[in-house]
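Notes to accompany the following structure.
What you see below is based on every heavy atom in this structure, not just the backbone, and it leaves out hydrogens, waters and symmetry mates. All residue numbers in this chain count up from 1 along the given sequence.
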Amino acid sequence: MKNENPNSRKEAAYIKLYQELVQDIVSGVYAYGTKIPSKRVLADKKDVSVITVDHALELLNEEGYVQSKERSGVYVIYKAEDFLKEGWEHESTGLKAETDYLEKVNKGTTVPYRGDFPFSVLAKTMRRVILDYDEKILIKSPNHGCLELRNEICHYLARSRGIDIRPAQVIIGSGAEYLYGLIAQMLGPGSVLALEDPSYGKIRQVYESMGHTCEMLPIRENGIATKDLEKTGAQILHVTPFNSYPSGVTVDISKKMEYLRWAKQK
């Protein structure tokens, strides 16, 4: 057995294994009801430690792809039909399916469920929540989101992204525009903000609707250029360092540190 520290730089190995197993399950290699090979067999087959396999299976279980049965093993509970009902094919089939769907909606016709979240997992989760929390689920959540949800978000980010934060740093809102609005109110009137160009259009719309001025700085292969940051008269920088929309740009650690130095100077 290989010795592997879950907190080492090899921690991402279980994410890679998780993704491989998801692909195998979705593609039908492991069909619904199939028993997943034992941890030791998977460890030998994938050339990883048993600890890595255990973490990957735990994540699969949490995400609703498999279910662990005591003294029996791990079984696939993913059903492809929960994602795409009969008559609805993959989006690569083109515009016709989308057009037909919209026509049915406009006519008030009942249409099949088209969501990406498996209904079996939703039903299972709802039953578990109702049993665990009983009438407590009827209590209004605090404005920044219930503690249980913020805790789970922290655990998920630590597990899947390596981001270590506290629940107090998480704010739940009813959509991005609402949260941008909170930021805009917090800044005070008449602020000048620098935004990535291009960026998500609603960001600029929300800020400007609340009396702020937005200066658009071109985003390049590694974020906003140093010379553009130095020239801007903005006091605030709004950026998306990871997979910025719609450019898809992700900045490296040097650029992130540059953004932070800029913020400290301002």
Side-chain angles (χ1 to χ4, degrees), residues 6-23 26 52 55-56 58-60 62-63 65 91 116-117 144-145 149-184 186-187 191-207 212 214-230 232 234-266:
N7 296 318
S8 72
R9 62 184 178 87
K10 292 186 177 181
E11 184 179 17
Y14 80 91
I15 296 293
K16 182 180 178 182
L17 176 58
Y18 159 79
Q19 292 170 342
E20 290 176 0
L21 290 172
V22 167
Q23 182 60 40
V26 171
T52 295
H55 288 331
E58 182 181 347
L59 189 52
L60 281 170
E62 290 179 3
E63 297 292 342
Y65 287 97
E91 59 183 5
D116 292 331
F117 195 84
H144 53 292
L149 177 57
R150 288 185 285 126
N151 270 325
E152 286 302 317
I153 290 174
C154 290
H155 294 327
Y156 174 79
L157 291 174
R159 183 177 66 240
S160 62
R161 294 288 184 269
I163 300 174
D164 185 19
I165 60 172
R166 300 182 303 277
Q169 294 173 275
V170 178
I171 297 176
I172 310 298
S174 55
E177 290 85 350
Y178 169 76
L179 292 171
Y180 293 143
L182 292 182
I183 296 173
M186 187 172 62
L187 297 177
S191 298
V192 180
L193 298 95
L195 307 181
E196 297 167 325
D197 185 17
S199 59
Y200 180 46
K202 288 291 179 68
I203 300 173
R204 182 175 185 175
Q205 291 175 12
V206 170
Y207 285 147
H212 301 300
C214 295
E215 185 176 338
M216 308 305 292
L217 305 184
I219 186 169
R220 308 179 192 279
E221 289 184 2
N222 188 32
I224 299 170
T226 301
K227 61 181 181 63
D228 291 329
L229 277 176
E230 291 173 349
T232 180
Q235 302 99 7
I236 300 153
L237 180 65
H238 184 132
V239 292
T240 306
F242 179 80
N243 198 24
S244 180
Y245 177 84
S247 64
V249 169
T250 293
V251 303
D252 59 26
I253 187 62
S254 298
K255 180 59 70 172
K256 291 176 183 176
M257 294 304 296
E258 183 181 346
Y259 288 163
L260 290 174
R261 286 194 297 270
W262 182 94
K264 288 179 180 179
Q265 291 170 2
K266 293 288 181 175

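Side chains of Leu193 and Ile203 form no contact here, defined as non-hydrogen atoms less than 4.5 Å apart. Proximity of Tyr65 to Leu59: side-chain heavy atoms (C-beta onward) are nowhere separated by under 4.5 Å. Taking 4.5 Å as the limit, every side-chain heavy atom of Ser199 sits out of range of all side-chain heavy atoms of Thr240. Looking only at side-chain heavy atoms (C-beta outward), Thr232 and Val192 stay at 4.5 Å or farther from each other.
Across Tyr18 and Ala56, no two heavy atoms sit closer than the pair N-CB, 3.9 Å. Smallest separation of non-hydrogen atoms from Cys154 and Val170: SG-CG2, 3.9 Å. Counting all heavy atoms, side chain and backbone alike, Gly173 lies closest to Leu179 at CA-CD2, 3.7 Å. Taking all atoms of both residues into account, the shortest heavy-atom contact from Val249 to Glu221 is CG1-O, 3.6 Å.
Tested against Glu258 for a side chain to side chain donor-acceptor pair (under 3.5 Å), the candidates Lys256, Arg261, Lys255 yield a single pass: Lys255.
A donor atom on one side chain and an acceptor atom on the other are not found under 3.5 Å apart for Gln235 and Ser191. Remark: the Tyr180 side chain and the His238 side chain contain no N/O donor-acceptor pair separated by less than 3.5 Å.
Atom CG of Leu60 is separated from atom NE2 of His55 by 13.5 Å, given to the nearest 0.5 angstrom. Atom OH of Tyr245 and atom OG of Ser247 lie 10.5 Å apart (nearest 0.5 Å). Between Ser244 atom OG and Glu196 atom CD the span is 3.5 Å, to the nearest 0.5 Å. Atom CG in Leu195 sits 7.0 Å away from atom OH in Tyr207 (nearest 0.5 Å). A distance of 10.0 Å separates OH in Tyr14 from OG1 in Thr52, rounded to the nearest 0.5 Å.
Surrounding NZ of Lys266 are more than 12 heavy atoms belonging to other residues, nucleotides or ligands, all under 6.0 Å away. The neighbour count for Asn243 CG, taken as heavy atoms of other residues, nucleotides or ligands under 6.0 Å away, is above 12.
A donor-acceptor distance shorter than 3.5 angstrom exists from the side chain of Asn222 to the backbone of Asp252, with no hydrogens or angles considered. Between the Tyr259 side chain and the Ile224 main chain, a donor and an acceptor come within less than 3.5 Å of each other. No donor-acceptor distance shorter than 3.5 angstrom exists from the side chain of Glu152 to the backbone of Leu149, with no hydrogens or angles considered.
By the salt bridge (charged side-chain N to carboxylate O under 4.0 Å, His left out) test, Glu58 pairs with no residue at all, sequence neighbours left out. Applying the salt bridge (charged side-chain N to carboxylate O under 4.0 Å, His left out) test to Glu177 and every residue at least two apart in sequence or in another chain returns Lys202. By the salt bridge (charged side-chain N to carboxylate O under 4.0 Å, His left out) test, Arg220 pairs with Asp228, sequence neighbours left out.
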ask   = Would Val239 and Val251 count as a side chain to side chain contact (heavy atoms under 4.5 Å, CB included) if you check the C-alpha gap in whole Å, the side-chain angles of each, and the deciding distance to 0.1 Å?
value = CA-CA 10 Å; Val239 292; Val251 303; over 6 Å; no
